[in-house]
Each structure stands twice: as C-alpha cells, then as structure tokens.
Amino acid sequence: MIHCDAVLELSFVIAPVPRRLFGSFVEHMGRCVYGGVFDPSDPAADEDGFRRDVMELTRELGVSVVRYPGGNFVSGYDWRDGIGPIAERPARLDLAWRSVEPNTFGLDEFMRWSAAVDCEPMMAVNLGTRGIAEACELLEYTNHPSGTALSDLRRRHGTADPYGIKLWCLGNEMDGPWQTGHKSAEDYGKLAAETAKAMRQVDPSIELVACGSSNDRMPTFGQWEATVLDHTFDHVDYLSLHAYFQQFDHDQNAFLASAVAMDSFIDGIVATCDHIAAKRRSPKRMKLSFDEWNIWYESRFVGHTNLEWMTAPRLIEDTYTTLDAVVVGNLLMSLLRHSDRIDIACQAQLVNVIAPIRSEPGEPAWRQTIFHPFALTARHARGDVLRVEPRTPTIDAGARGEAPAVDVVATRDPGSGEYAVFAVNRHPDQNALLSLRMTSSPGLRVVEHVTLGGSDLLASNTSEHPDRVQPAIPDNRAVSAEGVLTAELPAVSWSMIRLAPEPS
Ligand code: AHR
C-alpha cells in the first residue's frame, strides 16, 4: 500500500466549474451522424429520424455543448447542401473521410436534435475550401432575425426565430497537411482575423475560436499558436487545443500518465497566449477551447486515403476498456484543474466514432466504459474547482518519465456545501491510502463512493454485454472522521467520492 496525504480547503478555488467543459462532438464522419445520431430506418428512430436511445444516453452523459459538423469534414463542406427539402439535397464526395455524404442530415436537423437533447450548439465554419463570405452567410442564416435572403430562407424552412448560435470555430486543424485547404500560420491567422471581424459585423454577440495546433507533436507546434494569435488576439475569444491519447508499446504506466501530458500541454498553450498578451501589453487572458480530446487508437486507423467511397463506413469505432475509462476520468480531472483558462471542452466524438455511446442497427445503443467517468464528472462536478496538491510517491511512467502515483482534484458547491473528490491511483500494483484533511469543513459525511478499475482492466462493454464495466461501490467505502477523509484507491483506478455536510 502506498500513502498519499492532501488538504481539502474551500479557499483553494481555481475557478467555477465551466458547464461547457462537458461538451461533445458530432462530425459527419463514419457512423457518428448516419447510423448514430440519425437513422430513420431504425426502430428506435423518432419522427425526425433521430435515434431515441442515443438521445437518452446523450442526456444521461450530461453533455452541455456539441461541436458540429467537423472536424476535417468541415473543410470541404458546403452548409447549403444540408438545408431545404431533403429529397432535393445533393450527395457529395467528402474528401476528408473519402465518404459519400448524402446530406440528409444538415444544419436544421442538427439544431432540432441539439434542442431535443438540451445541448448548446458549437458550429464550425469552413476556412479550408471556403472563406469569409460563406461564414457570414451561414451566420446570417442562423442568427439574423428576418428580412434578408438567408434569414428568410431559414424562416421558409420552418424556423421563424433565429437560432442565436453563440459559439463558432474558425475552421478546423488548419495546420495539418491532411486538412483540405491546409494553410500556413500566417495565411490562416490573417484569414481567421478577417473572418472574425466580418462575422462580428453580422452578429456582435458571438464567441469565436481560432485554431491552435492539431496536436503537440506537429513540427509547427508553439510557433503556430504564436503567429495565429499575433493576427487574431483582439478578434477571438478562444484558442483551440486538440489531443488524442493511446497506449503505445504495452507501456501502461505511460498511458496512465496521459493526464500529466495533458496538464503540460495546456500549461504550454497558456504560456504562449500570455506571451502574446505581454508583447501587446494586453490585460486580456485568452481562454481555451479544448474542442477535441479523447483516447483514440490512431495507430490502428488505416488512414483516410486507403478508404473505399461509401456512405457512413465503419470508421475508428474503438472499443474502450476499463483502463481507458480510468485514463478518461483522469483527463477530465486535468480539464477541471485548468478551469481558470479552459472554458470549453469537447470529447471527440459522441457516438460510434471514438465515442462513449455505441449503436448498431436494430439493437439498443449502449454505454462504452468511458461513458461512466464522463457522466459522473458532468453530474457531480459542481460549484468551484478546488486545487488539491497530494503528497504522493511517483511511478516510473516509461516514455513519460516520473509521474505522481496519485492525482486528486475536487469541487465544492457553495450552495449545498457538497464536495466531489475525484482521484486516480496510477500505481500498477499497489493500492493507495488517501488521507484528505478537510481543514475548513470538518463535519462532512461520505454520501457516495464509486470506483472504476482495480481489476479486469481489459474488460469492455459490448452490444451483448453492455453493462459488464460499470462504476462499483467498493467493499472498503471511504470514511470521514475527525475532519479526515480516508479512502483506499485500488491500483489503476478512478474514484469519485461525494461528501455532504452533516445534517444539523
Ligand atoms: O475526431 C476525428 C478527427 O480528428 C477530426 O475530424 C479532426 O479534427 C481530428 O484530426
């Protein structure tokens, strides 16, 4: 058994929990839209063709924001192909995923679906093959009340009131050579700034996200952000971050330390943003939109150039394990820890494509292992995020060097006085005894303690066994006595412990 001590102190506030941290992503890719969100031929479909079971799980997951329609897809997309009478919509080649896009699901369907699941839409504009005019026209269609060609077109399509979409991404991963219309930082920075200025003329109330690097292994990483911000700093509200993690070479410890890598990735971007602010003598603190993150076994993907042209192919339908769920829980802790700068985060993607929800035709949709830490964190991380600095042994995290064995973050809801403690034990074979001294709220009792992991690390949920991996109440439930919370964290596990004030 290893030991880990920390202090839970209500004044150690990082920031309020941003609700938009629990976002997701629906891209026209593989079976995310067609066969996932939308499948009129499925018995679970409603009158709009939306799968009811996927909608129910989306609500249960606690998703607050959904980014749409891509991803790489957006860089070749003409949003006009996806509006108006469905029978008249054209099928097109989607170059990003070598797929045939039928366009039977488009903007208006997405807006109806996101209202039905109570999610805020986050729209991306095409800055790959299109530009300023097209972005402004899309915004006119969605946000202008009436009296113009495009706002009246929306009204004719059945939506009298403007959608009022607030969040807009200025393109997607424009630094990537795989992106249709890939650009240099200089060219993208100028285009993003001009598009931002024009879009704000259409609707000054929007919030804009400029593209950061596609990942921190890009050769232009760091310099890309600095150059793009040199152009866009005064015109955008957020810079985007993307990161996907996977286990390489059976290096489980390095994989378990993915959140350590995420922490330093975010810290590097914050430093770059603040460097540009300092150069400009600006008090502005650029906010971050981590609008693609997840585990993705990218090394198993054949690559988009090797695909056959077809509609809704099975692409990157990764099946997740218990171990993946532990890592996802920890990545969410990293996001919470950076809630002073990260305002938006979207797990990529929502259904079928590297997703917490899976569906098959004619069968009930099911929860992958990674569904659980997301749903529990989205539900119970309320109020303020509290910094917890555990004194912990380290583990040898292989390719990632030394990493703390135990990671802890907490939230406190000032209204109810309830705390949620999220903890991960990365140690490969030793349980950890966590002692949290509750300095400011000694009279707390444990109201819930659930754990994922500790055993069966390679188990997963399938259509036949949808509930094989679920959060479990441990035999050794955490106890709170004399102002100290004591919890045993199994080796390789994620836990959530909720505490409430003793009734007076
Ligand atoms: O989420 C899958 C893809 O990953 C997205 O289309 C792209 O933005 C990223 O590279």
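For ligands, and for the atoms within them, numbers begin at 1 and follow the listed sequence.
The distance between the ring centers of Y188 and H182 does not fall below 6.0 angstrom. Ring-centre distance between F221 and F265: below the 6.0 Å cut-off.
There is a side-chain donor-acceptor pair under 3.5 Å between Q223 and T227.
With a heavy-atom cut-off of 4.0 Å, V353 does not touch ligand 1 at all.
Short contacts between ligand 1 and F25, defined as distances under 4.0 Å to a heavy atom of the residue, involve ligand atoms 1 (O). Heavy-atom contacts of G71 reach the following atoms of ligand 1: 5 (C), 6 (O), 8 (O) (cutoff under 4.0 Å). Proximity to E173 (heavy-atom distance under 4.0 Å) selects the following atoms of ligand 1: 7 (C), 8 (O), 9 (C), 10 (O).
Backbone and side-chain nitrogen or oxygen atoms of W178 are examined, and none is located within less than 3.5 angstrom of a nitrogen or oxygen of ligand 1. Not one N or O of H242 is nearer than 3.5 Å to an N or O of ligand 1, by distance alone. Considering backbone and side-chain N/O of W296, none are found under 3.5 Å from N/O of ligand 1. The N/O atoms of W97, backbone and side chain alike, include none that comes under 3.5 Å of an N/O atom in ligand 1.
Ring geometry, Y68 versus H28: the interplanar angle falls from 30° to 60°, so the pair is classed tilted. In this pair, F38 and Y34 present their aromatic rings perpendicular. The plane angle is above 60°, beyond the 30 to 60° band.
Scanning both residues, H304 and L95, for their nearest heavy atoms gives CD2-O, 3.8 Å.
Counting only heavy atoms of the protein, atom 9 (C) of ligand 1 lies nearest to E292 OE1, 3.0 Å. Scanning all protein heavy atoms for the shortest distance to atom 2 (C) of ligand 1 gives Q349 NE2, 3.5 Å. With respect to atom 1 (O) of ligand 1, the closest heavy atom belonging to the protein is Y244 OH, 2.8 Å. Summary of contacts: the protein heavy atom closest to atom 6 (O) of ligand 1 is E27 OE1, 2.6 Å.
The closest side-chain heavy-atom distance from R341 to I266 is not below 4.5 Å.
With respect to D237 and K287, no salt bridge is recorded, no charged nitrogen being found less than 4.0 Å from a carboxylate O.
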